[in-house]
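Sending over a structure as structure tokens; questions will come in a sec.
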Amino acid sequence: MLQVHNLSKRYGARAVFRDVSFEVPRGAVVAIVGSNGAGKSTLLRILAGLLRPASGEIIWQPEEVQRGLFAPDAPVYRELTVLENLEFFAKATSETIDLEAQLTRFNLTSRRGDFAGDLSSGWRARLQLAVATLGAPGVLLLDEPSAHLDGDGLDLLHGVLDAHRETGIGLVATNDPREAARCDFQITL
């Protein structure tokens, strides 16, 4: 489903990572681990299509697979309500999405009318996860997904990842050994 060959990224004169290669088969959830500044978030942004690598090749099977990105700074519009954010981002998918089911899945029903800017970091993380999974993307790219989640939120996250094994692949950038242990294998940067 994903092949990465000799991927490198630089910011000016500083190499973030060099010659990274790996394959992720369908149904796998992979931990991307490494020290702070090793390039975990950068790698996810490259795979999401938000950044260009300095060199290397990324091969997706299928080529136009939908990707969902969850990151601490993932865009949700603070001046929109929870429901309005889901409506806005749902328009970017080619599928008809049951937004009520999405609200229920992420326990956001009672927060549907709250402005995203008024949410705590934990509730905003749930909203970001709900946005990232709109349209059932074949690839989930999760950057430090457990950082702001409480126990119920972590259970929700783990359920999403377990269910996603049936439909696609997941890549989880993390420094949490418990989170990495839940994954099928690790890529170290």
Side-chain angles (χ1 to χ4, degrees), residues 1-25 28-80 85 88-89 92-93 116-117 119-122 124-135 137-149 157 160-161 164 168-189:
M1 182 140 200
L2 168 62
Q3 296 176 358
V4 173
H5 301 286
N6 300 315
L7 205 64
S8 297
K9 178 64 179 172
R10 302 183 69 77
Y11 288 119
R14 184 175 66 84
V16 179
F17 53 78
R18 289 187 188 130
D19 298 322
V20 173
S21 297
F22 59 89
E23 291 186 22
V24 181
V29 174
V30 179
I32 301 171
V33 298
S35 62
N36 291 339
K40 299 180 300 292
S41 298
T42 299
L43 177 59
L44 289 185
R45 284 176 172 23
I46 290 170
L47 294 175
L50 300 175
L51 292 176
R52 293 184 148 194
S55 61
E57 180 181 29
I58 301 168
I59 301 169
W60 293 101
Q61 295 294 330
E63 190 173 323
E64 295 300 320
V65 65
Q66 182 182 339
R67 291 162 262 178
L69 174 66
F70 169 94
D73 60 348
V76 291
Y77 291 97
R78 300 177 70 79
E79 65 277 3
L80 297 180
N85 267 285
F88 177 81
F89 287 103
T93 70
L119 297 174
S120 70
S121 58
R124 196 166 32 258
R126 286 178 187 231
L127 174 57
Q128 291 166 320
L129 191 55
V131 167
T133 59
L134 283 168
V139 177
L140 279 180
L141 304 164
L142 307 175
D143 191 2
E144 302 288 347
S146 62
H148 297 289
L149 295 173
L157 170 66
V160 166
L161 284 172
H164 199 71
I169 66 172
L171 290 103
V172 181
T174 186
N175 281 327
D176 184 336
R178 296 167 299 178
E179 197 165 50
R182 292 187 58 84
C183 296
D184 299 311
F185 61 93
Q186 296 182 18
I187 297 164
T188 302
L189 295 182

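Only this structure's heavy atoms are used, side chains among them; waters, hydrogens and symmetry mates stay out. From a predicted model like this one, the values you see are computed outputs, not experimental measurements.
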Is the number of heavy atoms from other residues, nucleotides or ligands under 6.0 Å of Y11 OH greater than 12?
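Yes, because the 6.0 Å sphere around OH of Y11 holds more than 12 heavy atoms from other groups.
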Compare every heavy atom of L140 with every heavy atom of V160, then report the nearest pair and how far apart it is.
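What the structure gives for the nearest pair is CG1-CD1, 3.8 Å.
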Once rounded to the nearest 0.5 Å, what's the spacing between atom CG of L142 and atom CD1 of I32?
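Between atom CG of L142 and atom CD1 of I32 there are 9.5 Å.
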Which atom of D184 lies closest to which atom of A28, heavy atoms considered
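Closest heavy-atom pair between D184 and A28: OD2-CA, 3.2 Å.
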Please examine the side chains of L171 and L2, heavy atoms only from C-beta on, and report whether any two atoms are closer than 4.5 Å.
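The answer is yes, as the side chains (C-beta and beyond) meet within the 4.5 Å cut-off.
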What's the shortest heavy-atom distance between E179 and P145, and which atoms?
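Closest pair (atom of E179, atom of P145, distance): OE2-CG, 3.3 Å.
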Keeping N6 on the side-chain end and G56 on the backbone end, is there a donor-acceptor pair under 3.5 Å?
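Answer holds: no.
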Specify the closest pair of heavy atoms between D143 and S41, including all atoms of both residues, with the distance to one decimal.
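So the two residues come closest at OD2-OG, 2.6 Å.
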Say you draw a straight line from CG of N85 to CG of L80; how long is it, rounded to the nearest 0.5 Å?
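Answer for the CG-CG pair, N85 versus L80, is 5.0 Å.
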Can a donor-acceptor pair be found, under 3.5 Å and without considering hydrogens, that links the side chain of K9 to the backbone of R18?
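Not at all, since once roles are kept as given, no pair shorter than 3.5 Å links the two residues.
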R124 (side chain) donor-acceptor with L119 (main chain) under 3.5 angstrom
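The answer is yes, because a donor-acceptor pair under 3.5 Å joins these two groups.
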Looking at V30, V29, V4, which hits side chain to side chain contact (heavy atoms under 4.5 Å, CB included) with V24?
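Of all the options given, the one that passes is V30.
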Between the main-chain N or O of V33 and the side-chain N or O of T188, is there a donor-acceptor pair closer than 3.5 Å?
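Side chain of T188 to backbone of V33, a donor-acceptor pair under 3.5 Å: no, none is there.
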Nearest 0.5 angstrom please: D19 CG to S55 OG, how far?
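That separation rounds to 6.5 Å.
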Step by step, would you call F70 with L141 a side chain to side chain contact (heavy atoms under 4.5 Å, CB included)?
CA-CA 6 Å; F70 169 94; L141 304 164; over 6 Å; no
For residues L7 and P53, report the shortest heavy-atom separation together with the two atoms involved.
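Shortest heavy-atom separation between L7 and P53 comes out as CD1-CB, 3.5 Å.
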What is the distance from atom CZ of F17 to atom CD1 of I46, rounded to the nearest 0.5 Å?
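Result: 4.0 Å between the selected atoms.
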Keeping the roles fixed (side chain from H164, backbone from I169), state whether a donor-acceptor pair exists under 3.5 Å.
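Yes; at least one donor-acceptor contact below 3.5 Å.
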Ignoring hydrogens and geometry, is there a side-chain-to-backbone donor-acceptor pair from K40 to L189 under 3.5 Å?
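No.
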Supply the atom-to-atom distance T42 OG1 to L50 CG, rounded to the nearest 0.5 angstrom.
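Answer rounded to 0.5 Å: 11.0 Å.
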When you measure from the side chain of Q128 to the backbone of A74, do you find a donor-acceptor pair of N or O atoms at a distance under 3.5 Å?
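Judged by distance alone, yes, a pair lies under 3.5 Å.
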Enter the distance from T174:OG1 to E144:CD here, rounded to the nearest 0.5 Å.
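Taking OG1 in T174 and CD in E144, the distance rounds to 5.0 Å.
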Which heavy-atom pair separates G122 from L149 by the least distance, and what is that distance?
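What the structure gives for the nearest pair is O-CD2, 3.9 Å.
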Would a distance-only check, ignoring hydrogens and angles, find a side-chain to backbone donor-acceptor pair under 3.5 Å from R67 to L47?
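Side chain of R67 to backbone of L47, a donor-acceptor pair under 3.5 Å: yes, one is there.
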Is the closest basic N to carboxylate O distance between D73 and R45 below 4.0 Å?
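Judged by the 4.0 Å cut-off on N to carboxylate O distance, D73 and R45 do form a salt bridge.
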Tell me whether the rings of F89 and Y77 are parallel (<30°), tilted (30 to 60°) or perpendicular (>60°).
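Judged by the thresholds at 30° and 60°, the geometry between F89 and Y77 is parallel.
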